[in-house]
Amino acid sequence: MLYTDNIIALATPSGTGAIAVIRVSGPDAVSLVDSIFQSVKSKKLTGQKSHTIHLGHIVDDSKILDEVLVSLFKGPHSYTGENVVEISCHGSPYIQQQVIQLLLRKGCRTASAGEFTLRAFLNGKMDLSQAEAVADLIASDSEAAHDIAMQQMRGGFSNEIQKLREELLNFASLIELELDFSQEDVEFADRTQFNQLLGKISDVLKKLIDSFALGNVIKHGIPVAIVGQPNVGKSTLLNVLLNEERAIVSDIAGTTRDTVEDHISIKGINFRFIDTAGIRETQDVVEKIGIERTFGKIEQARLIIYLFEGEHFESSVLEQLQKKYPNKQILPICNKMDLLSDAQMENIKLDVPNVLFLSAKHKIGISDLESQLLSLVDSGALSGDTTIISNSRHYDALLKALEEIQKVKEGLDMDLSSDLMAIDIRQALFHLGEITGSVTTDDLLGNIFSNFCIGK
Ligand SMILES: Nc1nc2c(c(=O)[nH]1)N(C=O)[C@@H](CNc1ccc(C(=O)N[C@@H](CCC(=O)O)C(=O)O)cc1)CN2
Ligand SMILES: Nc1nc2c(ncn2[C@@H]2O[C@H](COP(=O)(O)OP(=O)(O)OP(=O)(O)O)[C@@H](O)[C@H]2O)c(=O)[nH]1
């Protein structure tokens, strides 16, 4: 085992709850808890089997602090790979703190953010991308984001990367062996097989790299900007979408007060609606800073909904949007169709051929809108077992690995000498290793795990 110290943290949220879980991990976790725990069966924990639960009392100087359940996990068969003891106590902040203070006095140290999972990684219980998936899983707030995190946590693409890396490593050694015999002009590495492997690796890498566009938006919610005059029915529309799907509305922590962002889940996909009052004014006002800010918001969106009511369609707004965002999909939507006659609707269609009519208030045309939104997402990629990456660190490493693999391929085509090829192969191996954590630096680990919650 790597560590000699014993860490402790509250694993459940701080505050009052029915039950709170305090987690201790380290070589002496069992004896430390033994020193403050009296089981009702008067048995010491040290002699008990792993994965057993024991009822008893936490005792501080013969004073009973609480009646608790203690769960025992003996290393290496635990989450961290070390001895782990969990104390489930009554969820009062007072009790939680007393138990923690008691164990700190006995010699435990407060765990830093993500330290339990860091230990699990360093003890070989999971690789780095799986550890990162744990944080994603905790943060996931839609079915799709959850699925991606879960798949990654269960080994997802890291097994695949690891396998390819090992095959590549194999070739690297053969090529490097050739260097030792450079006078004799021998080839240990079969060039045809090597070429095939490089082809296979680039295919896998390309597929993963392509999946990031989707993975990234799913993780953060697909950003949709709603542009429209006051009173066209934006709030009503958002509410209808919300009610229909019984989704959760949440203000994202950290977003500025001047834009409202609502998360709406449609068939398990999170959409993040960015309400941007503003671009309605005439050309000269458009130059104003406030409007620029709105444009800034639109910049983040994948899709723009231009919502207007009845016959108040402004072609200048639509044209401006199309000019400014030629690569974004713009959806013109006419709300309050209940107030329009058929003839009026036909007229609007002449101006805006691809308009979608709906009535937010009367809940007409909502499912068409939902289908349009979902069609943005290549949901085929979500079903089945296609791997989707959602972590920008992995994305960067995959891009770099692919670049190196392509260099190796070119080298092979050009019959480059083994020593030059060996360098590129090592680089590719390095970047693949970054994903699974076969190569890491303290900085990188610090960066990743400091974003976890305490107790995880
Ligand atoms: N109370 C509690 N709930 C929890 C966790 C935890 O640590 N404690 N977890 C943590 O975040 C997750 C579960 N993850 C876990 C993963 C592995 C093991 C474990 O003991 N693994 C052993 C033995 C498995 C067996 O044979 O039964 C092993 O890997 O060797 C425990 C929890 C979610 N729920
Ligand atoms: N007839 C009709 N009225 C609607 C419809 N949708 C919304 N309204 C009404 O239009 C008015 C404005 O709706 P809101 O949803 O508050 O509009 P908004 O765009 O969010 O307005 P701001 O918050 O000022 O930007 C309300 O009185 C709604 O009841 C519709 O489909 N038909």
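FYI, the numbering just counts along the sequence from 1. As the structure lists them, so they are numbered: ligands from 1, and atoms in each ligand from 1.
- For atom 27 (O) of ligand 1, the nearest protein heavy atom lies closer than 4.0 Å.
- When only interatomic distances are considered, the shortest N/O to N/O separation between L358 and ligand 2 does not fall below 3.5 Å.
- For atom 29 (O) of ligand 1, the closest non-hydrogen atom on the protein side is K125 NZ, 3.1 Å.
- Between E434 and R393 there is no salt bridge, since no side-chain N of the basic residue sits under 4.0 Å from a carboxylate O of the acidic one.
- Ranking protein heavy atoms by distance to atom 12 (C) of ligand 1, first place goes to K456 NZ, 4.7 Å.
- Taking any N or O of K361, backbone or side chain, at least one lies under 3.5 Å from an N or O belonging to ligand 2.
- Seen from the ring of Y79, K456 counts as a face-on cation partner, given the 6.0 Å and 45° thresholds.
- A salt bridge links E115 with R119: the closest approach of a Lys/Arg side-chain nitrogen to an acidic carboxylate oxygen falls below 4.0 angstrom.
- Among all heavy-atom pairs drawn from T4 and N6, the shortest one is O-ND2, 4.0 Å.
- Among protein heavy atoms, atom 24 (C) of ligand 1 sits closest to H51 NE2, 3.9 Å.
- Nearest to atom 5 (C) of ligand 1 among the protein's heavy atoms is R23 NH1, 4.4 Å.
- With a heavy-atom cut-off of 4.0 Å, L339 touches ligand 2 through its side chain alone.
- Of all protein heavy atoms, the one closest to atom 16 (C) of ligand 1 is Y79 CD1, 3.8 Å.
- Atom OG of S78 and atom CZ of F116 lie 10.5 Å apart (nearest 0.5 Å).
- The aromatic rings of F212 and Y395 lie parallel to each other, with less than 30° between the two planes, well short of the 60° mark.
- Within a 4.0 Å radius of atom 7 (O) of ligand 1, the protein contributes at least one heavy atom.
- Residues F37 and H57 keep their aromatic ring centres 6.0 Å or farther apart.
- Few gaps surround NZ on K328; more than 12 heavy atoms of other groups in view lie less than 6.0 Å from it.
- Not a single protein heavy atom sits closer than 4.0 Å to atom 3 (N) of ligand 1.
- Looking only at distances, no side-chain donor or acceptor of E143 sits under 3.5 Å from a matching main-chain atom of G268.
- Considering both main-chain and side-chain atoms, G233 comes within under 3.5 Å of ligand 2 through a nitrogen or oxygen pair.
- For ligand 2, the atoms closer than 4.0 angstrom to any heavy atom of S359 are 30 (C), 31 (O), 32 (N).
- Under the 3.5 Å distance criterion, the side-chain polar atoms of K74 are matched with a main-chain donor or acceptor of T46.
- Of all the heavy atoms of D338, the ones lying under 4.0 Å from any atom of ligand 2 belong exclusively to the side chain.
- Under a 4.0 Å criterion applied to the non-hydrogen atoms of K234, ligand 2 contributes the atoms 15 (O), 17 (O), 18 (P), 19 (O), 20 (O), 25 (O).
- Ligand 2 has an N or O atom lying under 3.5 Å from an N or O atom of A360, backbone or side chain.
- Across D127 and S129, no two heavy atoms sit closer than the pair OD1-N, 3.0 Å.
- No donor-acceptor pair under 3.5 Å is formed between the side chain of S390 and the backbone N or O of G215.
- Within the 4.0 Å cut-off (strictly below), a protein heavy atom is located near atom 19 (C) of ligand 1.
- For atom 22 (C) of ligand 1, the closest non-hydrogen atom on the protein side is H77 C, 3.4 Å.
- Within a 4.0 Å radius of atom 33 (C) of ligand 1, the protein has no heavy atom.
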Apply salt bridge (Lys or Arg N to Asp or Glu O under 4.0 Å) to the pair E160 and K163, showing each step before the final yes or no.
-> CA-CA 5 Å; E160 199 172 358; K163 237 179 47 220; over 6 Å; no
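- The single protein non-hydrogen atom nearest to atom 1 (N) of ligand 1 is E86 OE1, 2.7 Å, given as residue, atom name and distance.
- Heavy-atom contacts of F73 reach the following atoms of ligand 1: 20 (O) (cutoff under 4.0 Å).
- The T236 neighbourhood of ligand 2 comprises atoms 7 (C), 13 (O), 14 (P), 15 (O), 28 (C), with distances under 4.0 Å to a heavy atom of that residue.
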